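Every heavy atom of this structure was used, including side-chain atoms; hydrogens, water molecules and symmetry mates were not. Per chain, numbering begins at 1; letters A, B, ... match sequence-line order. Because the structure is predicted, anything quoted here is derived from the model rather than measured.
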Protein chains: 2
Amino acid sequence: MKKRLNKELVIRLIKYRRILNQLKSLGFERVFSNNLGDAIGVAPALVRKDFSLLFLGGNKRGGYNIDYLSEKLDAILGKAQNQKIIIMGMGKIGTALAQYKGFVQGGFEVAAGFDIDVSLPREVSIPVLPPEKMQDFVRENNIRVAVLTVPEDSAALCVKMLKEAGIQGILNFTPVEIKSTPTCFVHNINIAVEIENLFFQVIKNGAPPEDWETELPDEEGIWEEEEAENS
Amino acid sequence: MKKRLNKELVIRLIKYRRILNQLKSLGFERVFSNNLGDAIGVAPALVRKDFSLLFLGGNKRGGYNIDYLSEKLDAILGKAQNQKIIIMGMGKIGTALAQYKGFVQGGFEVAAGFDIDVSLPREVSIPVLPPEKMQDFVRENNIRVAVLTVPEDSAALCVKMLKEAGIQGILNFTPVEIKSTPTCFVHNINIAVEIENLFFQVIKNGAPPEDWETELPDEEGIWEEEEAENS
DNA sequence: ATTATATTGTGAAATACGGAACAACAAATG
DNA sequence: CATTTGTTGTTCCGTATTTCACAATATAAT
């Protein structure tokens, strides 16, 4: 039987590791599934199942050993230490991300930013280069992941350039939906859509999180009755 | 009756509407399920199913009428015009978001930003106020949605304040995982986790440089290729 | 008018995924 | 040592969601 390591699971693993490191630095040695579940917002059973799936064992009464888990997660996820990324588009958001402390804490280093206008004052410590230099930079520094924060109009072209340069992962903040390819994994974050989604959830009443029900225009709907129980 | 609109579906609907508006402004009148599917990165069948579920009909050969779809989606999603939001934490990212053009295009208005340090030069056109004034501001201006861009340490406290002020939706850029409640819907965007995830996908995909060796119990073949996918 | 063709609409199958329940068992207790 | 207790490991189950496959059918072509 083949288990599939789906994207959500990977994200959970990354979050587990985050929490484990925090706990470790606080001097804890053991942790229970419900602690981890609370911390990352999932059910304890799911935590156990995740670990079970990965053959990460705990102690039948003493919970999980933090060092052990942390080590194993590093082995599974890879230690993302001193990984270099670039930022394509040094506008407001790109510049802000260039100084984002979470990158340093996460073991990432922003190696350079690229922008058409190199002369703008940005007060960043990384080099800001023109886009033409991106491809060489990527190859010379063996960059594999890029953050895309250019204006919507330039998005498609930049993606093309990034892919040609050999970039294998893109975090896209552009409103343009970019598709992953076998050689380039893309994650789209569409801030305006997120906000719009929030407003939808909010407007349509008090906003239950996962379980959400909406009434459609009655004229259209011949909805069958279905009373829902709220968890 | 009530039909369950899950979060992913809502997001797709929002994206459909986005695309439809763009097509409309380009002068198109009709659109096919595969066009929309391509545009937002899902299968055509899913597009049809979504519309079918919402009783949005197309033409057996002529595709869907853009104006009609767009209208109906507005009715379902609500026209999010001139909705006001606030930004909690006017650091680099918060300040950048305060000027984010996508908000204006999406019909959102950043009404104010809040930060402990009001005196920093930020070159933004919105008022920047101290956190103590947030609750009054929210009540007086009937704000329902907030963006959270404070340092990790302050996150929990700020969430408490926001919830007490009556905020019903939070877009959280903090690394702290915040849970939704029945009265407050939260969406977490953890940039460092996203980057880490990208690195994992990239490394998994091949050409591992250094220490990346899967030394997991490979007996069963845990890793099965996951097709690249957008979010 | 007839035929061809493209596209929708949808029931059924496939998948994925989390939750609940509970047996197994290590540690604690006395 | 026996008993209690608490936590893991795992199986089963229900359900939500996506894809498949194809019938239905509107439009176009001749």
Side-chain angles (χ1 to χ4, degrees), chain A residues 1-13 15-16 28-38 40-66 68-69 72 208-214 220 222 224 226-231, chain B residues 2-13 15-16 28-38 40-66 68-69 72 179-180 217 220 222-227 229-231:
Chain A
M1 76 173 178
K2 287 204 171 175
K3 307 274 158 68
R4 172 187 160 133
L5 196 62
N6 76 46
K7 200 176 120 201
E8 286 308 308
L9 173 54
V10 172
I11 299 243
R12 284 200 298 276
L13 296 181
K15 290 179 178 174
Y16 293 145
F28 286 85
E29 288 182 354
R30 306 184 154 273
V31 66
F32 301 129
S33 59
N34 64 340
N35 302 139
L36 285 172
D38 284 348
I40 79 163
V42 302
L46 184 52
V47 177
R48 298 200 294 276
K49 198 139 77 165
D50 285 346
F51 292 162
S52 167
L53 185 74
L54 299 170
F55 302 103
L56 306 179
N59 236 340
K60 272 289 162 58
R61 190 160 169 185
Y64 297 87
N65 180 299
I66 291 180
Y68 172 78
L69 270 192
K72 289 299 184 183
E210 310 298 329
D211 282 21
W212 179 253
E213 296 173 5
T214 298
E220 307 274 30
I222 311 97
E224 292 307 316
E226 170 200 349
E227 203 43 49
E229 79 296 351
N230 200 349
S231 66
Chain B
K2 299 172 177 175
K3 177 56 192 175
R4 207 186 162 109
L5 285 197
N6 77 55
K7 203 175 120 200
E8 286 309 307
L9 173 55
V10 172
I11 298 235
R12 285 199 299 275
L13 296 181
K15 289 179 178 173
Y16 293 146
F28 285 85
E29 288 183 355
R30 306 185 152 273
V31 66
F32 301 128
S33 60
N34 65 339
N35 302 139
L36 284 172
D38 284 349
I40 79 162
V42 303
L46 184 53
V47 177
R48 297 199 295 276
K49 192 138 238 178
D50 285 345
F51 291 163
S52 167
L53 185 76
L54 299 170
F55 300 106
L56 305 179
N59 241 343
K60 273 285 161 62
R61 192 163 166 177
Y64 298 87
N65 180 298
I66 291 181
Y68 172 77
L69 270 192
K72 290 299 184 184
K179 294 173 199 58
S180 291
E220 299 284 351
I222 302 177
W223 317 104
E224 177 163 326
E225 281 308 314
E226 176 186 6
E227 89 289 359
E229 156 202 344
N230 315 328
S231 142

**Q** Without decimals, in angstroms, what is the distance between Leu53(A) CG and dA16(C) P?
**A**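 Result: 13 Å.
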
**Q** Enumerate the protein-to-nucleotides 24-30 of chain D contacts in which both atoms are nitrogen or oxygen and the separation is below 3.5 Å.
**A**
residue : atom : partner  : partner atom : Å
dT27(D) : OP1  : Asn59(B) : ND2          : 3.3
dT27(D) : O2   : Arg61(B) : NH1          : 2.4

**Q** Could you tell me whether the side chain of Lys15(A) and the main chain of Leu36(A) form a donor-acceptor pair under 3.5 Å?
**A**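 Side chain of Lys15(A) to backbone of Leu36(A), a donor-acceptor pair under 3.5 Å: no, none is there.
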
**Q** Rounded off to whole Å, could you give me the CZ-to-C1' distance for the Arg48(B) and dT7(C) pair?
**A**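 Checked: the CZ to C1' distance equals 7 Å.
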
**Q** I need the CZ-P distance between Arg12(A) and dA16(C), as an integer number of Å.
**A**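 Arg12(A) atom CZ is separated from dA16(C) atom P by 14 Å.
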
**Q** Return no unless some side-chain N or O of Ser33(B) is found under 4.0 Å from OP1 or OP2 of dT8(C).
**A**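 Checking Ser33(B) against dT8(C): at least one side-chain N or O falls below 4.0 Å of OP1 or OP2.
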
**Q** Could you pull out the closest heavy-atom pair between Tyr64(B) and Leu56(B), with the gap in Å?
**A**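 Shortest heavy-atom contact: CE2-O, 3.9 Å.
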
**Q** Rounded to whole angstrom units, what separation is found between the CD atom of Glu8(A) and the P atom of dA16(D)?
**A**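 Those two atoms, CD and P, are 18 Å apart.
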
**Q** Would you mind telling me which of dT10(D), dT8(D), dT10(C) lies closest to the side-chain atoms of Lys49(A)?
**A**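 When the side chain of Lys49(A) is considered, dT10(D) is the closest of dT10(D), dT8(D), dT10(C).
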
**Q** What are the two closest non-hydrogen atoms of Asn6(A) and Leu9(A), and how far apart are they?
**A**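 That would be OD1-N, 2.7 Å.
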
**Q** When the distance from CG of Asp50(B) to P of dT10(C) is rounded to whole Å, what number comes out?
**A**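 After rounding, the reported distance stands at 13 Å.
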
**Q** Specify the separation, in whole Å, of atom CG of Asn6(A) and atom P of dT17(D).
**A**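 Going from CG in Asn6(A) over to P in dT17(D) covers 15 Å.
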
**Q** For residues 43-55 of chain A, dump all side-chain donor-acceptor pairs below 3.5 Å to protein atoms at least two apart in sequence or in another chain.
**A**
residue  : atom : partner  : partner atom : Å
Arg48(A) : NH1  : Ser33(A) : OG           : 3.2
Asp50(A) : OD1  : Arg12(A) : NH2          : 3.0
Asp50(A) : OD2  : Arg12(A) : NE           : 2.7
Asp50(A) : OD2  : Tyr16(A) : OH           : 2.7

**Q** What distance do Asn65(A) atom CG and Arg30(A) atom CZ have between them, rounded to the nearest 0.5 Å?
**A**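 Here the interatomic distance stands at 5.5 Å.
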
**Q** Which residue pairs pass the salt bridge (charged side-chain N to carboxylate O under 4.0 Å, His left out) test when at least one of the two sits in residues 55-66 of chain B, sequence neighbours left out?
**A**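 Not a single pair qualifies under salt bridge (charged side-chain N to carboxylate O under 4.0 Å, His left out).
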
**Q** Leu5(B) CG to dA16(D) C1': how many Å, rounded?
**A**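 For the pair Leu5(B) CG and dA16(D) C1', the rounded distance is 13 Å.
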
**Q** Could you tell me the separation between the CZ atom of Phe51(A) and the P atom of dG9(D), rounded to a whole number of Å?
**A**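 Taking atom P of dG9(D) as the reference, CZ of Phe51(A) is at 10 Å.
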
**Q** Counting the atoms with a prime plus P, OP1 and OP2 as sugar-phosphate, which does Tyr64(A) contact under 4.0 Å by heavy atoms, base, sugar-phosphate, or nothing?
**A**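 Sugar-phosphate contact only - Tyr64(A) comes under 4.0 Å of backbone atoms but never of a base.
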
**Q** Map Leu46(A) and Gly58(B) onto DNA chain C by nearest heavy atom, then report which one ends up closer to the 5' terminus.
**A**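 Looking at DNA chain C, the more 5' nearest nucleotide goes with Gly58(B).
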
